[in-house]
Each structure stands twice: as C-alpha cells, then as structure tokens.
S.K.: 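First the structure, which I've put down as structure tokens, then a few questions once you've had a look.
Reminder, nothing fancy here: chain letters follow the sequence lines and each chain counts from 1.
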Amino acid sequence: MPLYARLTFWFVILLASSIAVLVSIMLDGMADTVSHAEERELRGYLGAVEAMAGLRTNTALALAEMVAAMPDVRMDIAAADRERLLMSFSEPFAKLNGDAGVQQFQFHLAPAISLLRLHQPALFGDDLSSFRQMVVETNLRGTTVQGLENGVAGLGARAIAPIRQDGRVLGSVEFGMDFGQAFAEQFKARFAADIAIHLPDGDGFRTVATTSRFLLSDPLVTRAAFSGETVLRRYHANGRPVAALQAAINDYSGKPVAVVEIAMDAGDYAAQYAQARWRALVVGICVLLGGMIIAWFVSRTISRPLAAMTEAMHRLAEGDLDVDVPAAEREDEIGRMARAMFVFKQNRLEIERQKAVRDQFSRLGILGEMASNIAHELNQPLASILNYARGMVRLLDGEAADPAMLRTGALAAAEQAERAAAIIHRIRGFVRRRTPHRIRLNINDLVEESVLLFEASTVRSKVAIHTALAPRVPLVLADKVEIQQVLLNLLQNALDATPDGGDIRLSTEADEGRATVSVSDSGTGFAPGVEDRMFDPFFTTKSEGLGLGLSICRTIVESHGGGFTVQSKADGGVTIGFTLPVLS
Amino acid sequence: MDEKPLVLVIDDDDAMRGSVAFFMASVGLDTRLFKSAEEFLLVLDDLSKERPGCLLLDVRMPGMSGLELQRHLNEMSFVLPVLMVSGHGDIPMAVAALKGGAEDFIEKPYRDQHLLDAVNLAIRKSRERLAEGSERSVVRERFQRLTRREREVLAGVLAGKQNKMIALDLDLSVKTVEVHRHTGMEKMAAGSVAELSRMILLADIPMSSS
C-alpha cells in the first residue's frame, strides 16, 4: 500500500473512533438529562396532586368546623334529631355538592354511628367504627381530623370536626371532597397530564379514576408503588412516547391508601433527543469526510514530493544532470532533503564540468606543448643560420673580407642547417605514416562500414544519416584505412555543421571510370572566405581544431589519383565529395 | 675612456653564442661569451668597470633564467644596459623584462639590423653612463680632500646663506668663513656656486647645512 493511502487510512480510522466515542458519550449525557428532566417534571405533578388534595381537605375542614360550631347543630345532635338536620342542610348541601365539589356531608353520633348522610339520606344508623378510623378518632379525642380515607362512598379528601356540648363530645360532622374521576379530570385540565388513581382491592388494585385509556397499569408495578417505591416508566402509547410515574399516596394517618399514576407526553423530550442524535450523526459524518479530505491532502503533500524526488533521484543516478530537484523551496524536512539532493546534483555537475575542462586542457595542452617545443627546437638553428648569413653579408659588404672568416661562417651556417634538418627528421620519425596498403575495394561496403562506425556519435545530437548507394559500383584500388579516415573526417565535419535534429546524406555514384562519394550536411553553409581556404593546412573554423583534417584528406585522395569537389547547396548546406579512379 | 666596446653574450645554446659572436665580429664588435648566468656572475668582478658595451641575455636558460639574472644585476647596480633575447618571447615576459629595466626585448629570429641598432644604442648609453660615473668619482675624490670646516661652510653656501649667517651658525668670524669658502671652492675646482651645486647633485653627495 502506498504511503499516502496508509497515512490517510489510519488518520480516518483514528478520526472515526474519536467521533464514535464522543458521540456516544454525548448522547448518553443527553439521555440522562432528558430522563432527569422528565422525572423532575413528573415529581412536580405528583406534588401538585398532593397539593390539590390538601386544598380540598382544607376546604372540607373549614366547612366541618363551621357546621360543628352552629348551636342548632349541637342541639340537634344532642337530640339526635335527623329530621331537623336534614331539613336544615339538604338545601345547602345541594349547593355545595354542585359548586364546591363536596361529595359527602355526614353527621355521626359518638363513638361512630352514622346519624345522617346528606348525600345518601336513606342510609343511616350503621356503625362505622370498623373502617372509619377518622370518625372514631375524632369522637374519641374530640379533635378535628383531616386527610384521605376510604369510606362507603369511596376515597375522599375528608375533614371531620367534633360537636361538643358542655365539654362532652356528642358526635361529629364530616365533609368529604371528591378524590376520584372529577379530581382526575380537574387535574388534567389544570396540568395537561394524564392521571389515574388505583385503590387496593383484595389481592389486586381497582382503578377508581383515569383520564386516559392508554394508561397502563401493571399490577406488579402498582404493588411496588403501593409499598413505597416511586416507579418511573417510559413507553409508547397511541404512537407517542410517554413518561409515567407511579407512587403511593397516604391517608390522614400517613399510611398508603392509593396509588397515583401520572403520565405525560414525552414527545418534546424525545424529539429533542432524536434531533440531538441526528445532529451528532450529521456533524460526525461531515467531520469524518472533512478529515478524510484533509488526511488525503496532507498525505499527498508528503508523498507527492517524495515520489517526485525519488523520480529525480533515479534520473540523477542514470546520469541525467538536467533534472530539476523538486520541492527545494519548502521549509520542512522534505525541503531539507531536497536541498541535500540539490547539493548532490551540484557536486555531480561540478565534477562533470571539471572533467570536461580537464579533458579539453589535456588535449590542447599536449598539442600546445609539442608545438612550443618544436618551435623552440627549430628556432635555435634558424636564428644561428640567420646570424651567420647576415654576418657574412656584412663581411662581404665591408672593405676587407677575410676569406678564412667567411669560410668559418659558411661552415657554421651549414652545420646549423644540418642540425635543423636533423630535428625535422626526428619529428617526422614520431609521426611517420604507415606504409600504404592498397587493395581492391567495393566503395559501397566501405561507406556502410564507416556509417556503422560513425553512428555512435550521431545518437546524442539526434542527427539522422541517410545513405543513397549506387546499385553497382566498380571496384577501386585503395588503402581501406586511409579512405575510411577521409570518410569519417567528412562525416564529422558534416555533423559539426548540422544542427540537432538535422540530417546528413551520404551517396555513392559511378560514372566515366570514377567512383564518387558525397557527404551533404544541413548546416548553414560557408562563412565568407572559408571555401577558398578550407583545404589549407592549419586553417580551421573550429575553436579546438588543428586545421589539418581536410588538408590530410586531400593528400590522401590525391595520392590515390582522385580529387575533391565542393558545392554549396541551395538550402544552405554543403556537399563535399571525393572521387577515386575505378579499376579498369 | 674611449675604449672599444664589448658585447657580453649569455646563451645556453652553443650555436647561438657562436653565431652571435660571428655576426658581431662582422661589424667589428668584440664579444665575450658565457654559457650561463652563473658563469657570468663568477667573472663579473674581474670585468673592466670602465669599458662600454652591453649585455645580450637569453631569457630561457637552464639554471638561473635571464629574468632572474636581470633582477640580480639591478640589485648590484650593474652599469651596462641589458638586452633581452628570447626564442619564444611572449608578452608577459617582455613586460617583466622591460619593467625590470631591460633596454630592449628582442625576439628570435630577429632582423640583423634590429639587433644591431639595439646593440649600438645600448653601447651609446653605456658610454654616457660611464662618463657620468667617472665625473662622479672625480667629484667624490675632490670632496674627500675637503676639511670638516670647508664642508660645513660649503654646505651653508649651497643652502644659499650669506657669509655672515654662516659665521653666526658655525660660531666663526666672517673672515674665517671667507677663507674656508675660497679654499673649498678651489679644491672642488668649482668656478661658481652653480657649478658646485651641479657637481654635488651628480655625485649624489649628501649635504646638510647644520
């Protein structure tokens, strides 16, 4: 796997796991917050239920105390006069029952005998002591008692006040406010939360009031709630999320008397949670995508210059010194690496340059030294000869030329001339030409062989060599090495004259007893004055040339009985050809 | 004084020395030949200091080169003019030779007339230098014979002072100064103060008036 892909991959993995951890922690916290908010709200509703019940018992207490304090009531109770009480209170009760939610209005005789139920006048005289502890307590102690209690008419928010005469408790009066369906509905109207009230009934529970048929009452939960736990539940009802709470509610004595179930629509909370989850998801994906792009980009900025540098390094290793070193302008580690590579390249360039200079100097140096030595060697005898000759002339011009002295001078001059000749002989010994060795040659074969030899040097300048050979050429008698020298020399001159990408044409012809070999370049032709002198020894247009090439060529060709032809071409190039006599 | 000039030739090449000697002889000039700069230096002290002539010096020699010898001769105030000869003289070498006081730089092979002109010119210069040199020694010799007082008085005269001032400076009477001045001028064979001044300048004698 390439470096940039690996970097990107691990960066994305890291990013994704960070996002996953962060989002899950955030969502957990969110869920906690939502659940706390729901619980607080539900507990608030429970408090409201208790407060509403308290308000009702307070109203009942006020009514009971007022009735208990009425002298007529005392008299009637003392007399146990049901009819008078019924007559006095049936009309007020009807009013209270309608407007103030008073459900029960009852007089008792001590200790707990029902004297009159205004809400149920037909039923009286029954003993309540077995199940109405509030009544028993009021009559026993002579104090008011208030709170929730079950009675014949069901659960109520009740208050009982004693009726005294001469310090003796004659009986009591009781008001009971509704704590059932009407209460539930009033609660719902007030708080927009559903409520149900469950009473224990044998082994199970009986629902005495409910505002919603969707309220679930699980008997196990209700039992747990009745034993003092506050149970919170969440579920869906009618397609909506619901949060519900069940808790026991106590009677006047602090003992659990019923279970209140409160359920509220948790849609808002659920919607908030869902929205938060969505948002986290979207943000997470965006961050991940952004992270991937950044990781890709960063990885590429690291890997791309590395790749480019590797490529450049390869090319440097292959000897291509024209290659540019990438990323050298960067300030970072990659830039440092690039600069190190740049130094490496510069060193290579410097080495190459020095080598080129050295080669050139050694070539020129040897020739220069040789020329200088030859010049000095020959100068000495020449200068001596001149001195003798001039001296003799002056002697002869003078009045008395001494023959003996003239002889000395002439001998010395001759001696020096011999010395010069000896020097030249020695030099020629160095550069003595090999003895010519002439054989029968097919000039076409020679041309093809020379082109093969020469092509190595044309590759770099991308100059093409085209050959056009005459189909049949007669044989010539020639020294193969010498003629090849001539041909290679002409080809080299043509290559020097031809710009990169140009071409050189080589052709052979045979006519009238002569074979001709021609070389055409595609250069710019002769500079003025060059054509007349091009075969002169030591004439050259090249900065490093000795100017002997064409001179030697001409010597060779003429020694074979041939000659040179030179033509300027219309397109600017030059055609140089030489002819050799064919064998008859 | 009017001796026959002598051309001193220093060249490592035997043929060159011989041919130069022959050529000089053809025009009536005497030569003395030396194989190397070292050989020349060995006999330098024995050479006549009075004889006019010049030095033909080859630049390129094994051992001490022509340029080195020239430098050496300059240090010891060699009086004869030096002509540098080179088989392959180049411009830097010519410049060095001329800067070092060479009379001329001649490149081999040379035209005979060119060489001859240069040699003759050098010989003429040598004669002038020798003449100057002999007058100088005469003046110096005369100066040696002056007494201390005479020198002091003449120094004052050359500084353009009146006899009175010289007397004051030297704590002498004017009369005494006049006597010293008269004998001093006579010993120096100077007809006037101007002539005395020229002599002193030529002989390069340091004079201070106090």
S.K.: Given a strict heavy-atom distance threshold of 4.5 Å, which part of A:Leu386 is in contact with chain B: side chain, backbone, both, or neither?
M.R.: side chain
S.K.: Are B:Met84 and B:Leu67 close enough, and set up right, to give a side chain to side chain contact (heavy atoms under 4.5 Å, CB included), and what steps lead you there?
M.R.: CA-CA 8 Å; B:Met84 284 284 190; B:Leu67 286 175; 3.8 Å; yes
S.K.: Select one option (side chain, backbone, both, neither) describing which atoms of B:Asp112 are under 4.5 Å from chain A's heavy atoms.
M.R.: both
S.K.: Side chain from CB out, backbone as N, CA, C, O: work out which of these in B:Val20 comes under 4.5 Å of a heavy atom of chain A, or both, or neither.
M.R.: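 B:Val20 touches chain A through backbone and side-chain heavy atoms alike.
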S.K.: Tell me, please, whether B:Phe143 has B:Arg151 positioned over its six-membered ring: NZ or CZ under 6.0 Å from the ring centre and within 45 degrees of its axis?
M.R.: yes
S.K.: So, taking the atom named CD in A:Glu352 and the one named CD in A:Glu350, what distance separates them when rounded to the nearest 0.5 Å?
M.R.: 10.5 Å
S.K.: Any side-chain to backbone donor/acceptor pair from B:Ser137 onto B:Ser134? Under 3.5 Å, distance only.
M.R.: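 Yes.
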S.K.: Sort B:Ala21 into side chain, backbone, both or neither according to what part of it lies under 4.5 angstrom from a heavy atom of chain A.
M.R.: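 Interface part for B:Ala21: neither.
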